[in-house]
Amino acid sequence: MNILLISQCSKNALTETRRIVDQFAERRGERTWQTPITQQGLDMLYRLLRKTARKNTAVACHWIRGKDHSELLWIVGDARQFNALGATPTNTTTRNILRSGDENDWHSAEDIRLLARIAALFHDLGKANDAFQKKLRCAQAIADPFRHEWVSLRLFEVFVGKGCLNDQDWLTRLTTLDDSTSKTVIASLQGLKDGIDQALSPFKSLTLPLARVVGWLIVSHHRLPTPGKDWALKEDTLARLPAAVVHGWCGSQQANDKLSTTEAKAFAKTQTACWSFKGGLPFDSRQWRQHVAKTADAILKRPGLSGESAETTLRSSYVLHLSRLALMLADHYYSSQPSHARYGDPVPSDGKTLYANSSRKNGEAPQFNQRLDEHLIGVEVNASRLLQTLPRLAQSLPRIARHKDFRKRANAPFAWQNTAFDLAESLRDKSAEHGFFGVNLASTGCGKTFANARILYGLANPQIGARFTVALGLRTLTLQTGDTYRERLKLGSEDLAVLVGGAATKALHDYYKARAQDAANSGSESAEDLLPAYNHVRYDGSLEDGPLKRWLLQSRQGRGAHAASLLDAPVLVCTIDT
């Protein structure tokens with residue numbers, strides 16, 4: 001095929017694009033290349049450009065199919081530099097009077113951001129205990145009798161106290177903290193030490209709406225509390241949540257009769273150390289106090305969090321879910337980073353400070369990594385940045401547009417798909433404003449799988465392109481659906497992701513599929529096109545720089561590569577648990 005490449009890159013992205021494209025094609029201008037190329041070569045060029053793309057990258061590839069006809073194949077980077085046909089603007093203006101693209105109707109975004117921030121500043125407070133600090137020095141990690149998030153919840157419960165009439169009381173105290181707060185909180189912990197005292201659930205005293213939500217985010221930032229085998233659910237347990245949550249729901253380790261006398265004494269000593277804080281608490285950190293005061297002041301100014309309407313906002317499972325999502329992702333991201341001196345107080349001259357984590361490399365002894373106050377501030381800052389990018393996330397993700405097979409008219413007995421597709425197109429504008437809920441009821445073999453994809457494509461804006469996820473209950477059906485889309489729509493690995501819950505299911509599916517292909521041997525391979533036809537345009541999004549983009553880049557290289565696939569592919573077919 002004969003292709004024409006147009007670059008609208010700027011700054012360093014232009015240099016990088018030239019370095020890559022010069023290896024494949026001859027220049028016809030400073031920003032233009034033209035060359036004959038094989039399909040394999042074009043795929044390689046596309047992957048290289050996409051791998052190095054940044055926010056200033058914008059490259060369009062046209063297939064010159066005849067003397068007076070060309071077709072847009074794909075765009076890598078900022079698709080706003082081109083129109084739907086891949087043409088570039090004659091004149092541009094930098095003025096944006098209305099800035100309508102910056103507007104969004106996400107009324108609870110700021111509430112979610114502030115909840116994630118305040119929870120982040122308290123989420124690992126319990127790591128200050130002596131048992132955890134000692135564990136960081138050990139060559140072999142062992143489980144604590146009480147997990148750090150449970151200890152963090154107890155410390156937060158103590159700080160809030162029982163004398164508050166409303167959430168404004170403890171938020172106001174956060175704005176006026178001093179270095180004596182640590183001793184006060186540690187002294188007030190008496191009677192709430194699980195395993196030593198007969199303490200009730202923290203949520204029995206955390207009755208204020210905001211305090212209860214922050215406590216829930218703290219204790220669930222790694223995993224949701226789940227009753228173990230020794231904590232059987234009673235009939236009224238669900239009705240009493242979260243007041244029914246006790247330490248056994250959060251992975252606490254209990255002594256048992258099988259321990260020897262020496263082991264039992266060692267366990268009791270470690271259990272006591274979980275509630276001992278000889279190194280103090282992050283309340284001693286000047287920078288931590290500044291961050292928590294700033295966050296508390298911002299919450300006090302939000303009526304949706306501390307005013308009369310707080311009950312309604314804080315009862316929303318949507319708000320709680322996204323707050324927890326931001327907290328977990330920011331914690332996961334920042335924990336993978338090296339220590340940053342700009343967060344937290346500097347290490348004192350005696351070298352005694354609290355640490356949040358350690359790093360172990362190549363079997364060497366563990367080395368302290370992030371200071372505790374630094375970690376809390378770092379997670380808070382990155383949770384805030386993450387929430388600021390989420391309103392613009394939908395416009396930044398890859399999409400598929402101008403796909404001929406989605407619009408191709410179906411013949412009998414699948415002609416009903418044409419009516420459904422036409423109806424979906426007629427409802428496009430209304431569904432963009434009000435949402436869409438549809439039920440596809442048809443007999444087996446009538447083409448529901450492909451019809452669903454066509455309906456979703458018909459609802460999408462044709463200029464922007466479509467993104468959709470197909471979630472199925474059966475692993476085998478998920479793999480079969482992925483095969484159907486791949487074969488009928490000619491989607492490559494960059495356009496279609498298929499994720500199932502078990503690797504064995506996929507291996508078995510691929511094995512039987514290969515056997516069936518060998519057995520068929522119909523001799524029709526020569527009837528296929530010599531070159532696979534590009535029949536759609538893929539708009540590659542450009543995520544703005546931030547914790548989400550950097551976390552995804554890291555996950556592509558590690559065990560979490562499937563996390564990147566969830567966002568990279570415009571079409572995702574997965575099991576519903578994914």
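Since this is a predicted model, take the numbers as computed values, not measurements. Counting from 1, the numbers follow the sequence of the chain as shown.
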Going through the checks in order, is the side chain to side chain contact (heavy atoms under 4.5 Å, CB included) test met by Phe203 and Val219? CA-CA 11 Å; Phe203 293 102; Val219 80; 4.2 Å; yes
Could you go step by step and tell me if Leu45 and Leu5 meet the side chain to side chain contact (heavy atoms under 4.5 Å, CB included) rule? CA-CA 11 Å; Leu45 172 60; Leu5 295 159; 3.7 Å; yes
Please lay out, stage by stage, how Leu224 and Trp216 fare under the test side chain to side chain contact (heavy atoms under 4.5 Å, CB included). CA-CA 9 Å; Leu224 291 172; Trp216 174 256; 3.8 Å; yes
Run Glu380 and Tyr334 through side chain to side chain contact (heavy atoms under 4.5 Å, CB included) and show every step you take. CA-CA 10 Å; Glu380 179 250 334; Tyr334 193 76; over 6 Å; no
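Considering all non-hydrogen atoms of both residues, Ala460 and Gly465 come closest at CB-O, 3.7 Å. Minimum interatomic distance between Ser252 and Phe146 (heavy atoms only, all atoms of both residues): CB-CD2, 3.8 Å. Counting all heavy atoms, side chain and backbone alike, Gln417 lies closest to Ala410 at OE1-CB, 4.0 Å. Scanning both residues, Ile6 and Phe82, for their nearest heavy atoms gives O-CZ, 3.9 Å. Taking each heavy atom of Ala120 and Val379 in turn, the nearest pair found is CB-CG1, 3.8 Å. Between His62 and Ser70, the shortest heavy-atom distance links the atoms ND1-OG, 4.5 Å.
By the 4.5 Å heavy-atom criterion applied to side chains, Leu73 and Leu42 are counted as neighbours. The shortest side-chain heavy-atom distance between Asp43 and Arg47 falls under the 4.5 Å cut-off. The shortest distance between side-chain heavy atoms of Trp150 and Pro225 does not fall below 4.5 Å. Looking at Leu479 and Arg475, their side chains never come closer than 4.5 Å, going by heavy atoms from C-beta outward. Here the side chains of Val213 and Leu320 are in contact, with some heavy-atom distance below 4.5 Å. The closest side-chain heavy-atom distance from Thr15 to Arg19 is not below 4.5 Å. The shortest distance between side-chain heavy atoms of Asp22 and Trp33 falls below 4.5 Å. A heavy-atom distance below 4.5 Å is not found between the side chains of Lys55 and Lys11.
Under a cut-off of 6.0 angstrom, the local environment of CZ in Arg428 is crowded, with over 12 non-hydrogen atoms contributed by other residues, nucleotides or ligands. Summarising the local packing, CG of Asn12 is surrounded by 12 or fewer heavy atoms from other residues, nucleotides or ligands at distances under 6.0 Å. Counting non-hydrogen atoms of other residues, nucleotides and ligands closer than 6.0 Å to CD of Gln23 gives a total above 12.
In this structure, Thr35 contributes its side chain and Ile37 its backbone to no donor-acceptor pair below 3.5 Å. Distance alone, capped at 3.5 Å, is enough to place a donor-acceptor pair between the Gln370 side chain and the Gln337 backbone. Side chain of Thr17 to main chain of Leu14: no donor-acceptor pair is present (N/O by atom type, distance under 3.5 Å, no hydrogens or angles). Within the 3.5 Å criterion, the main-chain N or O of Tyr318 finds no donor-acceptor partner in the side chain of His321. For Thr57 (side chain) and Arg54 (main-chain N/O), a donor-acceptor pair under 3.5 Å exists by modelled atom type.
Of the charged side-chain nitrogens involved, at least one lies within less than 4.0 Å of a carboxylate oxygen, so that Asp483 and Arg486 count as a salt-bridged pair. Comment: Asp331 does not engage Arg324 in a salt bridge, judged by the lack of any side-chain N to carboxylate O separation of less than 4.0 angstrom.
To the nearest 0.5 Å, the span separating CG on Leu85 from OG1 on Thr88 amounts to 12.0 Å. Considering CD1 of Ile75 and CZ of Arg399, their distance stands at 14.0 Å, rounded to 0.5 Å. We find the CZ-SG distance between Arg31 and Cys9 to be 7.5 Å, quoted to the nearest 0.5 Å. Between the CG atom in Leu327 and the CG atom in Leu217 there is a gap of 6.5 Å [rounded to 0.5 Å]. One distance of note links CG of Leu114 with CG of Leu387; it measures 9.0 Å at 0.5 Å rounding. Atoms CD1 and OG, on Ile455 and Ser431 in that order, are 12.0 Å from each other to the nearest 0.5 Å.
For the ring pair (Phe, Tyr, Trp, His ring centres under 6.0 Å) condition, the pairs that include at least one residue of residues 457-496, sequence neighbours left out, are Phe406-Tyr457.
In summary, of the residues considered (Asp111, Leu115, Val319), a side-chain contact (heavy atoms from CB on, under 4.5 Å) with Leu314 occurs for Leu115 alone.
Checked against the 6.0 Å centroid threshold, His123 and His222 do not count as a close aromatic pair.
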Side-chain donor-acceptor contacts of residues 440-450 below 3.5 Å, not counting sequence neighbours, with atom names and distances?
{"unit_1": "Asn440", "atom_1": "ND2", "unit_2": "Asn452", "atom_2": "OD1", "d": "2.8"}
{"unit_1": "Lys448", "atom_1": "NZ", "unit_2": "Ala442", "atom_2": "O", "d": "3.2"}
{"unit_1": "Lys448", "atom_1": "NZ", "unit_2": "Ser443", "atom_2": "O", "d": "3.3"}

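Relative to the six-membered ring of Trp63, Arg65 meets both conditions, a distance below 6.0 Å and an angle of at most 45° to the axis.
Residues His375 and Asn369 bring no donor and acceptor atom of their side chains to less than 3.5 Å of each other.
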